[in-house]
Amino acid sequence: MDQDSPYLWQETPLILSAPISRLLGVNAFLKFENVHPSYSFKFRGMSFFVRETMKRKGKDVHFVTASGGNAGLAVACAAKAAEAKCTVFLPEGASKSTIELLKEQNADVAIAGNFYLEAFNAAKERAMMDENAVVVPAYDEPLLWEGHSSMITETFNQLKQWSVAEPDAICCSVGGGGLLAGIMVGCKKVQWDQVPLVALETMGSNCFHHSILLNSSGSSKFATELPSYVTKVHDEASKLDLAQFDSFHSRASGSLGASQPATGSVRMALEREGGIRCVTIPDELSMQSAVAFADDHKALVELACSTTLAAAYKPQLLDAVVPPRSDGHKRNIVFIVCGGFKVSLRELAEYEEVLKAEIERNVNGHWEVVLNDGQIVDVDYSLKQS
């Protein structure tokens, strides 16, 4: 590891998307976080955590984590870059491709338990037996947020080439809230606290949206009646009520499915000057956005990422959460293309078949999107050509 280098990641591209800008009538900027070694933004936070931990504990530190998703791969990639030992615990049934990806990054892979919590407990037990071991959290950790915040400081500087001092909004997907926390930390650094943040989730894995409403004065049915698979829990340390998911009901839950959000992320969102605009969408809208993005930008993104892009492909949705400017100028919107490795050509083809079948059943149909306190926006099935 180069001790003189301030970080392990490289700056990622920010591009002005011609097709999405044309479709929406805005300046649509895409921050490509899928080009990191682990294919997702998580490499920023994980590599910052790894580097800071090695500064304190030395080169013999052993990083231990439990994740079959993007967090686990990011830890493995960061540990490899830092020439450190890494063990990733996975539950039974983990895919062969995931195991191979981790081993390609020199990570030791341990199979333990039938589900994530058992794998996580096994990881903690392993760490207790090794004085050099450190358990790496998936998203609820300020060091991770500090690393993630670098994407905003980069964006701040990159927007200058278009003479944009600040965007009219930043759109991102939310699982446990680590990415969003990093964006909020970054916005504070560049004095963008007043910039609205649009946090998008899928129905059935939207723990952040429900948690925000549990701590707000929402009055709609969506705000006051939790689904049967969600329990309201009180976190005494933060004095916050959180939505705890006992099960997930979204195809995007492999990456977005956190049982409850990071308390720090919820707290920052509730106190933030520019606020947070919460959006919950159906899986099908994420599928459609993933396919459209592949056509437009020749890049594959998993559902957790294409959830963000739903606002990029549905003008009526974007207008509902970020209304046109009163001065008539084009809005400058940043979309965080957060990335993720859980995607393939086969899956995109499957999404196309799912969408085709649903649209054929009702050509003039629409999907319901839930905004903030429970406002419903009907989004047409049709995808206007960009």
Side-chain angles (χ1 to χ4, degrees), residues 37-40 42-43 45-54 56-144 147 175-178 205 207 229 231 233 235 237 242 244-248 252-264 304 340-342:
S38 66
Y39 310 107
S40 82
K42 287 181 179 289
F43 184 73
M46 295 305 180
S47 62
F48 187 78
F49 183 96
V50 164
R51 187 175 180 85
E52 292 301 302
T53 301
M54 293 183 74
R56 298 194 311 272
K57 296 179 71 71
K59 62 182 179 60
D60 293 328
V61 65
H62 175 195
F63 295 99
V64 179
T65 192
S67 170
N70 293 304
L73 183 59
V75 175
C77 289
K80 181 181 180 181
E83 300 180 350
K85 183 178 180 180
C86 174
T87 300
V88 180
F89 280 77
L90 303 175
E92 294 283 353
S95 69
K96 181 179 178 182
S97 60
T98 296
I99 294 172
E100 289 176 349
L101 272 175
L102 292 168
K103 289 184 174 180
E104 285 175 1
Q105 298 301 323
N106 297 340
D108 293 327
V109 177
I111 306 298
N114 294 313
F115 48 88
Y116 170 76
L117 183 58
E118 291 181 347
F120 180 65
N121 288 336
K124 291 194 293 184
E125 290 174 8
R126 173 69 66 84
M128 291 175 64
M129 295 185 293
D130 183 347
E131 64 179 8
N132 292 318
V134 172
V135 176
V136 186
Y139 57 88
D140 196 355
E141 164 58 53
L143 280 177
L144 301 182
S205 65
C207 68
Y229 50 85
T231 304
V233 297
D235 181 74
L242 300 174
Q244 178 174 291
F245 276 55
D246 304 313
S247 61
F248 300 106
S253 63
S255 293
L256 291 184
S259 57
Q260 63 184 49
T263 54
F341 74 87
K342 294 185 174 182

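Aromatic ring centres of Phe120 and Phe89: separated by at least 6.0 Å.
Rounding to the nearest 0.5 angstrom, the gap separating the CG atom in Asp60 from the CE atom in Met54 is 8.5 Å. To the nearest 0.5 Å, atom SG of residue Cys207 and atom CD of residue Gln260 are 8.0 Å apart. Here the OG1 atom belonging to Thr231 is positioned 4.0 Å from the CG atom belonging to Asp246, to the nearest 0.5 angstrom. Between Thr65 atom OG1 and Phe49 atom CZ the span is 9.0 Å, to the nearest 0.5 Å. Interatomic distance, SG of Cys77 versus CD of Glu104, reported as 9.5 Å (0.5 Å rounding). Atom-to-atom distance recorded for Glu131:CD and Lys57:NZ is 8.5 Å, nearest 0.5 angstrom.
Scanning both residues, Phe63 and Ala84, for their nearest heavy atoms gives CE1-CB, 3.7 Å. Minimum heavy-atom separation, Ser38 to Leu73: O-CD2, 3.6 Å. For Val88 against Ala107, the heavy-atom pair with the smallest separation is CG2-CB, 4.3 Å.
No side-chain heavy atom of Leu144 sits less than 4.5 Å from a side-chain heavy atom of Lys42. Using a 4.5 Å heavy-atom cutoff, the side chains of Phe341 and Ser97 are not in contact. Between Val136 and Val50 the shortest side-chain heavy-atom distance does not fall below 4.5 Å. Using a 4.5 Å heavy-atom threshold, the side chains of Leu90 and Leu102 count as touching. Inter-residue side-chain proximity for Cys86 and Asn106 is flagged as unmet; no heavy-atom pair is nearer than 4.5 Å.
Between the side chain of Glu141 and the backbone N or O of Leu143 there is at least one donor-acceptor pair closer than 3.5 Å.
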